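Single-structure report; data block below.
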Number of protein chains: 2
Amino acid sequence: MSTAEVRPTRQRADKARNRSHILDVAEEFFSQHGVGGSLETIAKRAGVGPGTLYRHFPTREALIAALLQARYEQLFDRFGIIKAESSDSNHALEQWLDALGEYVTAFDGLPAPLRVALSEESSPLAITCQAFITATDELLTAAQRDGYARPWIRSRELFLSVLATAWLRGAALADESSSRALRAILRSGWAEPAPTAE
Amino acid sequence: MSTAEVRPTRQRADKARNRSHILDVAEEFFSQHGVGGSLETIAKRAGVGPGTLYRHFPTREALIAALLQARYEQLFDRFGIIKAESSDSNHALEQWLDALGEYVTAFDGLPAPLRVALSEESSPLAITCQAFITATDELLTAAQRDGYARPWIRSRELFLSVLATAWLRGAALADESSSRALRAILRSGWAEPAPTAE
DNA sequence: GACGAAACGGAGGCTACCTCCGTAGTCTGC
DNA sequence: GCAGACTACGGAGGTAGCCTCCGTTTCGTC
């Protein structure tokens, strides 16, 4: 039994086609209407019944998670680049948090489900979040080692803070100057205050 | 016409009674289920038809605003006390932000409508928010004058940050230590790093 | 007590969620 | 190619919440 032939049962072509098409439509629809948009409308636009949509993505979170999957790799490419090219660990962490903040605002209303996912083991978005925290931790630890980040900061809370800042941006304050001010507050929140004051 | 007798038309007793009863029920219901709970259920529990509820409170925001009204005065009492009793402007600002953070978590899910209200002139919650910002500004300015708060911080963004922190707490991270860590990050965000280092 | 106005209530239209099951489409083995 | 097995589809339909409209009730006044 241990080496049981699990039966290959290749996936049907129409299934793959539908899934991919639903994702395309959802990508566009969520971009326009935020992640709270009607799933039925997405199904309709994709030319499938609601049943099909729910079979592929049992919950809204599952659909969002699938959409993020694609961008996920881009983000981690960026992680690699930031790590490699940044002049110091301070700069690297800054860059990474910016990238994260951007990612997390890919769709309007995205921060909310991500926040929920962080407290629910089962959510398909949870795994994604965990990876973000792990990546953040790597850069944070380096920055702390070099005296750039306050030693008591933990990566989980840092990620949450980025999420919260992104949440504030959403729809509410298109205002660019507010947005910059909030980033600045967050930055002074984690950064060690210029110890090399001289 | 200028001194037109506007007709007193005393309010009907049943109207006042209903309004007050709806508020009682809503207070309890929102406490249990968050501000997203079903308005129809509230109407049912209050023993009135949905029409009556919507006549008194045309939107969910209006209902929430009416509920906050009561706590509002308590909060500003506290504001007075904090101003009067705090040893210094730093402490006062800290205390006030804590009080605000508490207020803003009176009900589960409250931060979200407040955030929206801040970008919509018309929301009945907007006036409330504006008062918070004004109060914050008074203490912030004092703290900045005394060198306790970074000079570039503005009260609007500070309030938003408190809101965001409260949003993170909601449902997601019952975790007490996370909550404290987030407060700490926010605090180092606005506070001037021990300028009296000597 | 009767009249006019104010307030009530709930039926009903709308939208969105999600499920269930008869039907249609796909793949496999021959 | 074709038959058979099985996978996946679609959409009808049940549920729930939002909000409105209008016939009816209740209140205050004269």
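All of these numbers come straight from a predicted model, not from anything done at the bench. The figures that follow rest on heavy atoms only: side chains count, while hydrogens, waters and symmetry mates do not. To find a chain, count down the sequence lines: A is the first, B the second, and so on, and within it residues start at 1.
Residues satisfying the ring-ring contact (aromatic ring centres under 6.0 Å, His included) criterion with A/Tyr103, sequence neighbours excluded, are A/Phe132. B/Glu27 pairs by the side-chain contact (heavy atoms from CB on, under 4.5 Å) definition with B/Ser31, B/Leu67, B/Arg71, B/Phe107, not counting sequence neighbours. A search for side-chain hydrogen bond (donor to acceptor under 3.5 Å, both in side chains) contacts involving B/Ser86 returns nothing, not counting sequence neighbours. Applying the salt bridge (charged side-chain N to carboxylate O under 4.0 Å, His left out) test to B/Arg145 and every residue at least two apart in sequence or in another chain returns nothing. Under the side-chain contact (heavy atoms from CB on, under 4.5 Å) criterion, A/Thr136 pairs with A/Trp96, A/Leu97, A/Leu100, A/Ser155, A/Leu158, not counting sequence neighbours. Residues satisfying the side-chain contact (heavy atoms from CB on, under 4.5 Å) criterion with A/Arg45, sequence neighbours excluded, are A/Val25, A/Phe29, A/Gln32, A/His33, A/Thr41.
Applying the salt bridge (Lys or Arg N to Asp or Glu O under 4.0 Å) rule to pairs touching residues 83-93 of chain A yields A/Lys83-A/Glu138, sequence neighbours excluded. Among pairs with a residue in residues 123-134 of chain A, none fulfils side-chain hydrogen bond (donor to acceptor under 3.5 Å, both in side chains), at least two apart in sequence or across chains. Within the structure, salt bridge (Lys or Arg N to Asp or Glu O under 4.0 Å) pairs that include any residue of residues 53-62 of chain B do not occur (at least two apart or interchain).
For the OP1/OP2 pair of C/dC17 and a distance below 4.0 Å, the side-chain nitrogens and oxygens of A/Ser38 include at least one atom meeting the criterion. Between A/His56 and the phosphate of D/dA8, there is no side-chain N or O to OP1/OP2 separation shorter than 4.0 Å. In terms of phosphate contacts, A/Asn18 brings no side-chain nitrogen or oxygen within less than 4.0 Å of OP1 or OP2 of D/dA8.
Summarising the geometry, the separation between NZ on A/Lys15 and P on D/dG10 is reported as 14 Å, rounded to the nearest angstrom. The CD atom of B/Glu61 sits 12 Å away from the P atom of D/dC18 (whole-angstrom rounding). Whole-Å rounding puts the A/His33 NE2 to C/dT15 C1' distance at 14 Å. Whole-Å rounding puts the B/Leu63 CG to D/dC19 C1' distance at 15 Å. As a whole-Å value, the separation of A/Phe57 CZ from C/dC18 C1' is 16 Å. The nearest whole Å value for the distance from the CD1 atom in A/Ile22 to the C1' atom in D/dC9 is 10 Å.
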Distances for protein N or O near nucleotides 27-30 of chain D N or O, under 3.5 Å:
from, atom 1, to, atom 2, distance (Å)
D/dC27, O4', B/Arg12, NH2, 3.4
D/dG28, OP1, B/Ala13, N, 3.0

Between protein and nucleotides 20-22 of chain C, what N or O pairs are separated by less than 3.5 Å?
none

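Looking at B/Lys44 and B/Glu40, no side-chain N of the basic residue comes within less than 4.0 Å of a carboxylate O on the acidic one, giving no salt bridge.
Between the side chain of A/Arg115 and the backbone N or O of A/Trp167, no donor-acceptor pair lies under 3.5 Å.
Heavy-atom distances under 4.0 Å link DNA chain C to A/Leu39, A/Glu40 of residues 39-48 of chain A, given in residue order.
Distances were taken from every side-chain heavy atom of B/Arg60 (C-beta onward) to each of D/dC18, C/dA7, C/dT19; the shortest belongs to D/dC18. The side chain of B/Pro50 lies closest to D/dT20 when the candidates are C/dA7, D/dT20, D/dC9.
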